[in-house]
Every structure is written in C-alpha cells, then in structure tokens.
Amino acid sequence: MQTAIGEIQTLFVDVLLPVPIPKYFRYRVPSDMVEMVQKGVRVMVEFGRRRILTGIIVESSEFPPSSYQAKYLLDILEETPSVNDKQLKFWKWMADYYLCHEGDVLQAALPSGLKLNSQSRIQVNPDFDEEDLADLSDKAVRLFRAVRHQQSIPYEQSADILEVKSPYPYIKEMIQAEAIIIYEEVKEKYKPKKVSKVRLNPTLLENASGLEEVFTSLAKKPKQEDILLKYLGLVPVYNDPNVNDAGVDKKKLLEEGKEMSPSSLKTLVKNGILEEFSEVVSRFDDAHFQLYQNMGHDFELSEAQQNAYSQILESFKTKDATVLHGVTGSGKTEIYIKLIQDVIEGGGQALFLLPEIALSTQMVVRLMKVFGDQLGVYHSRYSDNERVEVWRGVNEGRFSVIVGVRSSIFLPFEDLSLIIVDEEHETSYKQHEPAPRYHARDMALVLGRMHQAKVILGSATPSVESYYLAQKGQFGLVSLTERFGNATLPEIIIADLKKERKQKKLKGDFSSRLVDEVRSAIDKEEQVILFQNRRGYSPFVMCEECSWTPTCPSCAVSLTYHIYKNDLRCHYCGYREATPKTCVSCGSTKIKTVGTGTQKIEEEIQNFVPAARVQRMDQDTTRKKYGYQQIIEDFEQGHIDILVGTQMVSKGLDFDNVTLVGICNMDQMMFFPDFRAMERAFQMAVQVSGRAGRKSKEGKVVIQTYNADHPLLKKIIKQYYEGFFRVELKERHQYSYPPFTRLIKVTVKSEDQLLGEKAALQLAKGLTRRLGIKRVLGPQAPTINKIRNKYLQEVMLKFERQNFDLLKAKGILKEEIFIIETEPFFKKVQIVIDVDPL
DNA sequence: AGCACGCCGACT
DNA sequence: GTCGGCGTGCTC
C-alpha cells in the first residue's frame, strides 16, 4: 500500500468493520498517524454516535468521500498488521460464496481479544456550575449527584440509578445542560500473561565485595539469608553475573523445595538487596507444556502406513487434495505427523483441522509430544487470551503447526504447505449460526488453493461428496485397509428387536443380547460404551387418558423430560417447566414418559447391572468447562465401567479396555427424514464400532434394530464402505441430490405465520421465474415449523454441478431476496441463506 | 447488528 | 402530563 508521498496532507483509509453492512467505511487519518497506515492493520474507529469498533484497513486513498464528512480514525492499534493479504482475499471469497457480508466473516475470524471493547461511561463536567442544577429535572439531579459521588459510572448503570428502563432522555437533557460528559472507555481485552520474578539488585554485582557485605549484614537474619542462598543456588551469578538479569520465578524461589518466607523476601526487596520485576510470558510455555517438548519424536510407520504415505506423496504430484480413507484404528495419525514433519523441514506451515470433540482428547497431547513449542492449539474451549496468543504466534511465525477447530482456517497463515482435515465427514465442520455459515472442510480446500498447499481429507467413512470427487479423479485417493498392530475389526452383532419382542425377551429398551453382552464384559472387568443419540430421559411425556402432550410455548416441538431435575425442557430454545402432576387437558394423573434418551438408558442399564459404575456423557453432563475432560479421564482410569452417551462417545476415544459398544437405537438414525440419513447412520455405526477392541482384545458391537434385514446393516457388518457408497450414490443420482447438485437453503422467518408464508411464496415465485421450475423447491414449512416464536418457511434451490453458472444464480438469488427485504409489507420477515446446507 | 430518534398508548 | 413501547433509518 502506498503511504503519503511528498505533499499529500490528508490520507483516507477504507476500513472493514465487523458489522453486517456490505461496504467499507472511509475514515480520515490524523496526520500524526499517516506513517502507520498499512493494509491489514487494526484501527479503532467511532461508528455511529456511540459505538467504538475495531476494524481492519483494507485500502488507502488520498481522496475524501464526496457525499459525507469522513470521521477521523481514533487510533491505529499496531505497527505490524494482524491480518495479511491472503486472509483478506480469502475472507472476501468466503463472503461471496456464502452470500454473507465481509463484516460477518471478520466477526467470525478475529478472536474477540483482538476486537476492542468499548464501554460508555458518564462523568460530571468539571466546568458545570452546580447552581444550574435547579434547571434540571429531579431525576437528572439525582443522576448528577450519583455520578459526582462515584467519579464516573458505566452508562448502563444510569438506568438502575434512575429506576427507569430508558435513561437516554435524561442523559440527553444533562448533556445539553453541559452537566455531564459521556466518554468511551476502551479496553484492550488481551492481557499478556505476566510472572513475578526476582533478581539481585544489579548494583550489588558491580564490585566484588558487594555480596559479601550483604551477607555480613544478614548474619542475624537467617530467614533472609536462606532466601539469598537459595537464589544463588538457582541463579549462579558467581559463575556468570549476566544470568542475574533473567532472575528467577518468584513462586519458584518461595515455594519449590524448601519453603521460604514471603515477608522476608519483601524485606530484602525493601532494603534494595533483591528487586522484583515482572515478565511477559507465553501461556503455552509453562511447565505442563515443556513436559511434552521433544518427547517421542521417533516412531516407525508400519508397512501399510509407509505405503499410504508414499502414495500420498505420489498423488500430491498431480492433485491438490487427496482423500485418505483409512479404517478406524489404521493409524492415520502417524501418517499425518510424518507429512507435517516433512513440511516443517521444508520451512512451511501446516494446519491440522479436527472436530471440536476430537481436539479435547489424546490427540493434542500426542501432537505436543512430537512438535513441542512449534505447535499452536486453537481451541474454542481455550480462553480468549490464549487464542490471541496463537493468532500472534502464527503471525510472527513462531508456530509452524496449528491444530485447531474449524475457526482456525481464519488464522494469519503466511505460507501454508499442508492442510489436514481429519474426520473430514464430520458435520461439526459446518457452522450453522450465525453467518458466515461456512464448511471448514470446503474452505480448507479453498485456502489450500490460495496458498498452493496440499490438502488431505482423512476419514474412515468419507463423506459421499469427498469420496465422489476422489473417484472422479478430482481428488487423489489413498486407502488404508488394515488396522494398525494386531487389532482386528470388531465382531458386529445385530440384535433383532422385532424377534425378541415376539419372544417377549425385550427388557425396556434393551435386547437380551445386549444385556448379556454388557454383563459379560463387566464380569471380565472390561468397559462398555452405549450409544443413544438423544439426550434427556424421554423425548416427550403424554397423558395416558387423553394423549395430551406438553409442548414448548415458543417452538413447535414437544418438551423433553429430564429426570434428575424432574422438569420438561425444550431442546431448541432452552425453555423449562416443571413436569405437571396432572394432565392440563383432562386432569388425569396418569402421565407417562414416551421414547428414550440417554438418561433412561443410564437408568435401565444400572438396573440390569447394579454393580457397574455408569456415567452419562451428553450436553447436560459436559456443559461445565472441564466436564467432558473429567468424564474422559475417569473413564480412561477405569473409574467408570459403562459410558452412556450421544454423538460425543463416537469420536476419538481410544481406550484399550473398551470391548463392547452398543448402539441402542439404530432405526432412529437410519430413518431420520433427511436425504443424508443413511450416510449419517453408516458413518455413525462405523465410527462407534471403531471404539471397540483397539489393541489385543477383540471387540464386539451390538446394534439394536427392528429392521434387522436392512441392507445398510450388512454393509456395516462388513465395514464395507465401497458397497455403501455405491448404493448411496445411486440414490443421490436418482433424486438429484448432492454430490450431483448443489443446494442453497433459504429460510424465511416471521413472527406472523401468514406474512412469512406470503414472503416465502413470493420469493419462490420470483426465483422460479428466473431460474426455472426444476431448480426451485418449495416454499415448504420444515418439520419443526416454529422456533423461538418465529414461523419458518424454506425454499430450497438445487443447481447442477456442471455447466451451470452458479455465480449468476447467486446474483439472482441476492436480487430476489433484496426485493422482498425492501418491500415495506415484508419489513418484519427475516431471510437466512445457507449455502451447502447439511 | 446496534443504536438513536420519533410518534403512539397506559399509567403515577 | 410522563414512561416506555416499538417502528424506522443510519452508520464513514
């Protein structure tokens, strides 16, 4: 970017702000900041009357805007850009592709620690003559006194003081009377981590006798002497006076080994013998982390792994992306590590994407051992400060490898050579709310292209989309069919619920087969995982007399019964109410639970195997910050015998002692009303089975179903991905679903049901007229047609994958939506676009 | 998206 | 009369 040349006095910059408005904002650069103007640098600006935001400079110009008066930048926040050109280009591309605003992307991309947080505060105007208070309203006087008393107060507090909902009118009155001043307090949210350190006062080292004199003076002060001696032990200044500068950790000096007296240390500092100072340290540089440094660098690839590795390198020669299809337990991780090591040796950067859940497990520890402090971990469970440090670390080139969740695609990579998307089929790579509704796997491919990096899509059960492209030759394809070591694939048993029901062998939600297997595993002191893809106790309750069922007041769903708080909850909006004792409709007291969730499975299995220690793992038990971690740890250490859980239990848990996995209700997955149901069911079953029998012990998987002869089950038994894929692809082709088409889902939301329907209908009509009838489906109300008091209508667009101008179609979509949005009659409807919905 | 402004109903 | 509701429009 050009900076001021010669006599250019005024410079303007276009700033990208994290707001959903499709434009840049042009600000004027104060003359003393002109030198600091650079593309990608964060700036602080006033936006509107009161808001202060962080933005990114995307362009500079010597021309003032013609139609408005540009405001001055308030500040330029850094000398080196936080955001690089590749990111800006990538973000722009994403906004275009997902039909959202660049500001939405920025909002998602920047960790909030890099966004400023401004808070309005009120203080009294020192020039105000208090005699003029007589002219103000009673409330204004009250506020004035309160503010004067406390120096300054946060803006929001004024409402409490005045005991009104909207304080603005009074504040406005007072500003006009010049009684108060409003100012914005901006705090940089990122706080570097500091440690307190101690060192000798350097003047004592200037001459040889300095220290001796000190010891003489401390002859009768043993506690202080002890501290000094310990210091000299830790920091050998006699050998090399220069080591004194770095000093020693205060905590270490006081607490490690023999404990020292903090007050004596204080005295030493007071007397100028020691000095205290603080140092900024990395959050990732603590002892815990160092433990892993440079450990376990070497491992050998098995022959199969070596083979796959070579094939990947071969495929990289001609393809940008390669699907690595490796059965569960085949040891894909070692191959990834090898590939990353290659990249590091070549001086490049690597990004390793994992689904959120897999990231909180052993994988990270594993990678830490290999890559030590070259590895940055970008996790949503980490604090914001930590995320800022990773961002900066990538920016400064301190990390050559990043493991992270989907949002790590936004990090300031300069030169990526490799991107790995592990568990590529995972649906959690897609962000649903809010915009940008992006798919991290797809964006990894785009990012890879921009960096000319190679991309690996790894999975035991690749998504139909990816595998299709691999088969077509657009991606490379490498398969690993052997399980690592001697591990064999688990034996898969179909428990036929229909048959057992006839034979009256069913026990609640359990087949006798599954119960027997669980008992036998527990007898052998082995561990069990039970999978039930629904949380709560039962998805609804019902009056036995009249069939009345409590539903959510804001959503079109029944309320789920939760046993331990004995309440009913809506899983869509969080609404809760006590479980009614009598039927609201007929007054009967016979209210029964219907259907099964994790809590009920937990209860039932506990009854069947009373001695077993059962733990449930779902959103309800893992919400607490370390809930998930804690359960995993307990399970790993054998404090839990049976783990009952949702999706969560299917991912990345590798425990040698788990020999049995039960899928409680396979039908629920297979017959879910969605064209991806079979794919999900297959993936789910294979992934869950992968948890059984890892090393020497043989594993078993029991799948309970009322449709024991369903063809999908046969494929699952043989872990026959190819077979599943062929059948599925045929179906997709027949009904023109992805990967043969691209979908865009447009959802129209409105509190007024009829208005929403009208808007959706008009939108669909406009689209049909311009895109053709076969590309527009709906409008149609989704199965759950009301969430949070908003009625929903969906219009689905279906586009050919080939010989179709997608860009043009998206343009048309934007235009048609614009028409609805600007139509005053539809003012109250809201339109959400989801490109490539899942 | 936020946030101010402005015009209407329901209360001390 | 005042308070607060919400509809409307703008943000460099």
Side-chain angles (χ1 to χ4, degrees), chain A residues 10-30 33 37 42-76 95 99-110 112 115-122 136-143 154-156 158-176 182 184 186 433-437 749-752 755 788-790 818 821-833:
Chain A
T10 45
L11 187 65
F12 296 86
V13 286
D14 288 332
V15 177
L16 170 60
L17 293 172
V19 292
I21 304 166
K23 58 173 151 187
Y24 301 132
F25 293 86
R26 185 163 286 191
Y27 284 85
R28 185 169 170 173
V29 183
M33 292 180 202
V37 167
R42 288 185 305 137
V43 293
M44 182 166 113
V45 299
E46 188 184 45
F47 188 66
R49 225 172 200 295
R50 310 196 46 224
R51 275 207 289 175
I52 289 181
L53 295 174
T54 302
I56 304 290
I57 294 182
V58 291
E59 202 57 71
S60 70
S61 161
E62 37 187 286
F63 301 109
S66 52
S67 54
Y68 56 86
Q69 186 66 42
K71 283 182 183 172
Y72 278 103
L73 290 181
L74 296 178
D75 203 0
I76 294 186
L99 301 169
C100 67
H101 310 287
E102 266 182 274
D104 293 328
V105 182
L106 178 66
Q107 179 71 33
L110 275 194
S112 56
K115 288 175 229 159
L116 293 163
N117 184 9
S118 90
Q119 200 202 21
S120 306
R121 294 187 71 92
I122 303 166
L136 295 175
S137 67
D138 291 354
K139 290 223 162 165
V141 173
R142 188 156 134 207
L143 184 61
Y155 188 93
E156 292 70 30
S158 61
D160 300 341
I161 291 169
L162 293 173
E163 296 172 300
V164 292
K165 264 272 170 65
S166 42
Y168 316 103
Y170 304 103
I171 285 172
K172 203 177 148 197
E173 174 195 353
M174 294 168 78
I175 292 171
Q176 267 161 9
I182 300 237
E184 297 294 312
V186 179
E433 272 301 325
R437 296 179 176 76
K749 303 185 185 184
S750 171
E751 247 160 83
D752 179 341
L755 189 73
R788 290 176 197 273
N789 280 321
K790 296 229 162 106
F818 183 80
E821 278 178 338
T822 50
E823 166 69 59
F825 182 65
F826 293 132
K827 196 82 216 194
K828 289 171 80 176
V829 310
Q830 195 187 338
I831 299 176
V832 174
I833 312 173

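No experiment lies behind these values; they were computed from the predicted model shown. Numbered from 1 within each chain, the chains take letters A, B, ... in sequence-line order.
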Novice: Please state whether the phosphate of C:dC12, meaning OP1 or OP2, lies under 4.0 angstrom from any side-chain nitrogen or oxygen of A:Tyr68.
Specialist: no

Novice: Please give, in whole Å, the distance from C:dT8 C1' to A:Phe826 CZ?
Specialist: 19 Å

Novice: Would you classify A:Val164 as touching base, sugar-phosphate or nothing, given that sugar-phosphate means primed atoms plus P, OP1 and OP2, and contacts are heavy atoms under 4.0 Å?
Specialist: sugar-phosphate

Novice: On DNA chain C, does the nearest nucleotide to A:Lys165 precede the nearest nucleotide to A:Lys828 from the 5' side, or the other way round? Give the residue.
Specialist: A:Lys165

Novice: Please examine the side chains of A:Val45 and A:Lys71, heavy atoms only from C-beta on, and report whether any two atoms are closer than 4.5 Å.
Specialist: no

Novice: Contact between A:Leu74 and A:Glu46 at the side-chain level, heavy atoms closer than 4.5 Å - yes or no?
Specialist: yes

Novice: Within the pair A:Lys827 and C:dG7, is there a side-chain N or O less than 4.0 Å away from OP1 or OP2?
Specialist: no

Novice: What does A:Glu46 touch in the nucleic acid at a heavy-atom separation under 4.0 angstrom: a base, only the sugar-phosphate, or nothing?
Specialist: sugar-phosphate

Novice: Specify whether A:Phe25 and A:Phe47 have parallel, tilted or perpendicular ring planes, treating 30° as the upper limit for parallel and 60° as the lower limit for perpendicular.
Specialist: perpendicular

Novice: Measure from CG on A:Leu16 to C1' on B:dA1 and round the result to the nearest Å.
Specialist: 14 Å

Novice: Within this structure, what is the CD-to-C1' distance between A:Glu751 and C:dC6, rounded to whole angstrom?
Specialist: 12 Å

Novice: A:Glu163 CD to C:dC3 C1': how many Å, rounded?
Specialist: 14 Å

Novice: How long is the line joining CZ of A:Arg51 and P of C:dG9, in whole Å?
Specialist: 18 Å

Novice: Let me spell it out: for each of A:Val19 and A:Tyr168, pick the nucleotide of DNA chain B with the closest heavy atom. Which residue's pick is nearer the 5' end?
Specialist: A:Val19

Novice: Drop me the distance from A:Leu99's CG to A:Arg437's CZ, to the nearest 0.5 angstrom.
Specialist: 11.0 Å

Novice: To the nearest Å, give me how far apart CG (A:Leu17) and P (C:dC10) are.
Specialist: 18 Å

Novice: In the structure I gave you, are the side-chain heavy atoms of A:Thr54 and A:Met44 within less than 4.5 Å of one another anywhere?
Specialist: no

Novice: Looking across every strand, which nucleic acid part, if any, lies under 4.0 Å from A:Phe47 by heavy atom: base, sugar-phosphate, or nothing?
Specialist: base

Novice: A:Asp752 has an atom CG; how far is it from atom C1' of C:dC6, in whole Å?
Specialist: 16 Å

Novice: Considering heavy-atom distances to DNA chain B, does A:Pro20 or A:Arg49 have its closest nucleotide positioned more toward the 5' end?
Specialist: A:Pro20

Novice: The side chain of A:Tyr170 lies closest to which of these nucleotides: B:dC5, C:dC3, C:dC12?
Specialist: C:dC3

Novice: Tell me whether the OP1 or OP2 atom of C:dC12 has a side-chain N or O from A:Lys71 closer than 4.0 Å.
Specialist: yes

Novice: Rounded to whole Å, please give me the gap between CG in A:Asp14 and C1' in C:dT11.
Specialist: 15 Å

Novice: Regarding A:Tyr72, tell me which of base, sugar-phosphate or nothing describes its non-hydrogen contacts under 4.0 Å with the strands shown.
Specialist: nothing

